[in-house]
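Okay, structure first, notes after.
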Amino acid sequence: MTDSAPSSTGSSADKSPRRVVLVDGSGFIFRAFHALPPMTSPDGTPVNAVYGFCTMLMKLREDTKPDHMAVIFDTKGKSFRNDFYPDYKAHRPPPPEELVPQFGLIRDATRAFNLPSIELEGFEADDLIATYARQAEAEGSDVIIVSSDKDLMQLVTDRVQMFDAMKNRTIGAAEVLEKFGVSPDKVIDIQALAGDSVDNVPGVPGIGIKTAAQLIDEYGDLDSLLERAGEIKQPKRREKLIENAELARISRNLVTLKTDVPVVEPLGDFELREPDPEVLLSFIASHGFKSLISKVKSKFGGDVEFDSPTAAGVGVNDIKVEKAEYELVQDEDRLKHWISEAEYLGTVAVDTETTSLDAHTAKLVGVSLSTEPGNGCYIPLGHVSGEAQGGFDFGDNPADSPSNSKDAPKQIKLERAIELLKPLLEDPGVLKVGQNLKYDMIVLARHGIKVAPMDDTMVLSYVLDGTSHGHGMDELAELHLDYKPISFKDVCGSGKTQITFDQVPLDKALDYAAEDADITLRLHRLLKPRIAQEHMASVYETLDRPLVPVLAEMEGLGVKVDAEILKNLSEDFAKRMAALEETIHEMAGEPFNLGSPKQLGEILFDKMSLPGGKKTKTGAWQTGADVLEALAAQGHDLPAKLLEWRQLSKLKSTYTDALAHHINPNTGRVHTSYGQTNVNTGRLSSNDPNLQNIPIRSEEGRKIRTAFIAEPGHKLISADYSQIELRLLAHVAEIDALREAFKNGEDIHAATASKVFGVPIKGMDPMVRRKAKAINFGIIYGISAFGLANQLGIAQKEAKEFIEAYFEIYPGIRDYMDEAKEFAKKHGFVRTLFGRHIHINGINDKNGMRRSFGERAAINAPIQGGAADIIKRAMIAVPNALLDAGLKTRMLLQVHDELIFEAPEDEAEKAIKTIREVMENAAHLSVPLIADAGIGDSWADAH
DNA sequence: GTAATCACG
DNA sequence: GACGTACGTGATTACG
């Protein structure tokens, strides 16, 4: 307490703070926001104030050398001041929309710097600062308040200083005197008299700072002044003071900072801690603050992979320097060495190299491992001689050991390597880390290895950042590590001269493959800690991570498709298309390419001069189905025929022809690939081929489903959630009437129709039900009168009335929509029931159209995303439940709200029971979840 | 590589 | 008052 060497940074037994820095976080945000040019993070979020904040914190630590430090924020709501003066800060305009998302980010930044982030409901940051400042002062500490807010100047004493971080200026008693004309202890009285228009503090009208200072100088303090106001010589001033004495006292209460706030965190907890470099770097990198990366690294050191403090301006994560450590593993002893290293450390990054992007046909060529950032090895297993395959160097050195060029390079035998690697990759005590590990798991599963436990950096990245950026390894490396990995093209070439990886010379293969494993491990170290920090543990651990092996299993199984049926359909479609083509050409009076919208538009609207032609934004005629349907309805035959042709063309090219090519010759089945990180809302996607858009709505298209069949002695089971999105809406928006309808098992569209249109359910006109169905869907999509009118082909006015009626029937919907929009505007994302964050693009866009788009997405995302979460839970649970029940039924496909299984005929009924049971209990909502299921010989029959 | 179209939930 | 909009995907084809 008596120690007068405040700048001493040495430790002493005395635990009292010596140098306490209190940062006015809220004040800083606004100033930085207006002072700095606009900046956006890679995902488009505005971040200029966050950037300014980070640089400020860095500098502050350097310049002020604190031993205790905290950042203090305002809370959003009202403060105690509003209790006695409701108008306090009432005229504040809402913050600019570019600033809104930064409030949360600044708190995140504070935590990333490992600093306490302090706020308390009902109190302003200023009061908390005042309380802590006085506490610290009482303990004999020096205090620096980082703020330039004049409201804090009343706190200045010989131990308490302010610091303007933007201007780099210290504010002490002298500066306060300059500003207010009085010493800091009189500042309150000045403010009480002069008021403050910004905060809506009234003060005494007609008295500004100058006059106030004069008066206080003369009368000593506010109370004396008001008591002796009658003595004032200037009549106007005298009257005003007497008249507004009470207002001055209220103002004083408003501007007086509270120094006895019941703070939660004790001052001692502000003891300065070093930030975790990985956490901090990951925060900084993910927001695109590239210029800060090297600063942080040199200041806080960081892990082995980050220590290149002298490499200013160059790639700070220069992997190439350490590439020498990559090892080509060509004999068993070295492989065993790497395996035991991985066993010892408990974590290993794994990557496989193969001959194809398609995991189901790819041949394993090699495996790379990394156990620590900066190290890595590549184990070639299926390389052939590059020269023997031609491609490069054809004809080069023809006489140079021709017989040797056909020999494969030295490598461990594939079977032996698998034998050695299997115990490691299956060891429950060793975490296997991969980038898109599902791919490697599928390849390795064909060699009898079931990789577990696992983490996937691609999935980690998706859970953390959604689709604000891609999750490919090269992109993640550039984003998080500021490093551009060797590209696949560099190694294998592209286009006609592209070679497969088994032809890559071993030295090049080593560089590329080992680097991939190394980078994967580095990414894992950056991303994994963020999962807990950003409260995504539940989403990652219970949904997306456990789903990876489930998807790998489904993709590996594939679904049987009958090539013969597809071929017959193709032929049928081709014949009918040819006939239609001839007819259409005749009608047009000239031949043209039916598949060219451009030519079609010219025929219809230029040559035939049909009415209602509209141009696309590129100036071409619109020839979409809706346009052609309108023309057909007016009795024009050509558009009608063309629609028919288009349907057949689509079915043939996209389905019957394409699907046949996807039948794997080894399995006779079609193996799709599920994208787990492609969809913003958390849904899966399916590609190569897409099995989530197999036709069903049209009679013709539905035939394609007859080609999806079960193995002999088996059946297909299709189980789908009934109205899962509407049920979720009823639950999250708390719509009692909708909940009741579901609880009573009503036909939800009919029930809606009955309520909206006031007609009985019994004997209802199907058209009326259809309208209600469209509204129900519209609600989920963030309804607009225009959209609904378009959907139903009715007037916009009528659509608007329907929507109004709907809102009446189901009160609560509107609130839900408003809340979803508001939340998205504020945070830039919305949340599903299970905590998944869904980034909403454009929600704060200046462009009204893009903003509306964002608003509708904000309404839809929690519902679509929530449904996606639920079926993911079911997918994780069902296979285990089937195993537990001793069943051989296997899950093959997912189509958003539907799961397809293949079951031995004799157990199909039993399997359905288990499947429905699990699906219906995948979530417990305030409405029942219902799964319907069917059995059949084909997908068409099972549905 | 992009735009237009259309298949699905 | 006008603008322009249903939410989320993937595959194919034409075309510059």
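Reminder, nothing fancy here: chain letters follow the sequence lines and each chain counts from 1. Only a predicted model underlies this, so the values are computations on that prediction, with no experimental measurement involved.
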Q) Using Watson-Crick and G-U wobble pairs whose two distances are both under 3.5 Å, how do you write the pairing of DNA chain C as dot-bracket, with | for links to another strand? A) ......|||||||||.
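Here the closest non-hydrogen pair linking A632(A) and P639(A) is N-CB, 4.3 Å. Shortest non-hydrogen contact noted between V679(A) and Y462(A) is O-OH, 2.6 Å. Taking both residues in full, the closest heavy atoms of L892(A) and Y674(A) are given as O-OH, 4.0 Å, listed atom of the first, atom of the second, then distance. Of all heavy-atom pairs between D845(A) and N847(A), the closest is OD1-N, 2.8 Å. Minimum interatomic distance between A789(A) and A799(A) (heavy atoms only, all atoms of both residues): N-CB, 3.7 Å.
The side chain of S852(A) places no N or O atom within less than 4.0 Å of a non-bridging phosphate oxygen (OP1 or OP2) of dT5(C). Proximity of S686(A) to the phosphate of dT9(C): no side-chain N or O atom is located under 4.0 Å from OP1 or OP2. Checking the phosphate oxygens (OP1, OP2) of dT9(C), no side-chain nitrogen or oxygen of N690(A) falls inside 4.0 Å.
The side chain to side chain donor-acceptor pair (under 3.5 Å) check on H731(A) picks up S926(A), with sequence neighbours excluded.
Donor-acceptor pairing under 3.5 Å is recorded for the side chains of N693(A) and Y655(A). No side-chain N or O of S685(A) forms a donor-acceptor pair with one of Q692(A) less than 3.5 Å apart. Side-chain contact check for T361(A) and D358(A): at least one donor-acceptor pair (N or O, by modelled atom type) lies under 3.5 Å. Side-chain atoms of Q599(A) and W621(A) form no donor-acceptor pair, as typed in the model, at a separation below 3.5 Å.
In 5' to 3' order, the nucleotides of DNA chain B bounding all contacts with chain A (an atom under 4.0 Å from a heavy atom) are dA3(B) to dG9(B).
Using a 4.0 Å cut-off between charged side-chain N and carboxylate O, E804(A) and R814(A) make a salt bridge. For K560(A) and E902(A), the salt-bridge test fails: no basic side-chain N is under 4.0 Å from an acidic carboxylate O. Under the 4.0 Å criterion applied to side-chain N and carboxylate O atoms, K797(A) and E801(A) are assigned as salt-bridge partners.
Atom C1' of nucleotide dG8(C) and atom CG of L728(A) are separated by 15 Å, given to the nearest angstrom. For the pair N593(A) CG and dT12(C) C1', the interatomic distance rounds to 13 Å; values are reported in whole Å. Whole-Å rounding puts the F592(A) CZ to dA14(C) P distance at 13 Å. Separating the CD atom of E725(A) from the P atom of dC7(C) is a distance of 13 Å, rounded to the nearest angstrom. If you take NE2 of H896(A) and P of dT9(C), they are 10 Å apart, rounded to a whole angstrom. Q894(A) has its CD atom 13 Å from the P atom of dG10(C), to the nearest Å. A straight line from CD1 of I840(A) to P of dC7(C) spans 11 Å, rounded to a whole angstrom. If you measure from atom CG of D626(A) to atom C1' of dA6(C), you get 13 Å, rounded to the nearest angstrom.
Looking at which nucleotide of DNA chain C each of D688(A) and I775(A) is closest to, the 5′-most match is held by I775(A).
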Q.
Quick one, Q622(A) with K615(A), criterion side-chain contact (heavy atoms from CB on, under 4.5 Å). Give me CA distance, side-chain angles, the key distance, then yes/no.
A. CA-CA 5 Å; Q622(A) 283 183 6; K615(A) 299 266 181 112; over 6 Å; no
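Among the candidates L929(A), L728(A), L899(A), the single residue satisfying the side-chain contact (heavy atoms from CB on, under 4.5 Å) test with Y721(A) is L929(A).
Among the heavy atoms of the strands, none lies under 4.0 Å from G782(A). Across all strands shown, E898(A) has no heavy atoms under 4.0 Å from either base or sugar-phosphate atoms. Among the heavy atoms of the strands lying under 4.0 Å from T623(A) are primed sugar atoms or P, OP1, OP2 only; no base atom is included. Looking at heavy-atom distances under 4.0 Å, F777(A) makes no contact with the nucleic acid at all. The residue N678(A) sits close only to the backbone: its heavy atoms come under 4.0 Å of sugar-phosphate atoms, none of a base. Across all strands, I783(A) comes closer than 4.0 Å to base atoms (heavy-atom distances). Residue-level contact check: A785(A) touches neither bases nor backbone, having no heavy atom under 4.0 Å from any strand. Within the 4.0 angstrom heavy-atom criterion, base atoms lie near S784(A). Within 4.0 Å of R646(A), counting heavy atoms only, lie sugar-phosphate atoms of the nucleic acid but no base atom.
A heavy atom lying under 4.0 Å from DNA chain C marks the following residues of residues 856-869 of chain A, by number: R856(A), A857(A), N860(A), Q864(A).
Here the nucleotide nearest the side chain of S653(A), chosen from dT12(C), dA11(C), dC7(C), is dT12(C).
The list of ring-ring contact (aromatic ring centres under 6.0 Å, His included) pairs with a residue in residues 834-871 of chain A, not counting sequence neighbours, reads F829(A)-H837(A).
Look at the P atom in both dT5(B) and dC3(C): the space between them is 22 Å, to the nearest Å.
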Nucleotide N/O of nucleotides 1-3 of chain C paired with protein N/O under 3.5 Å:
none

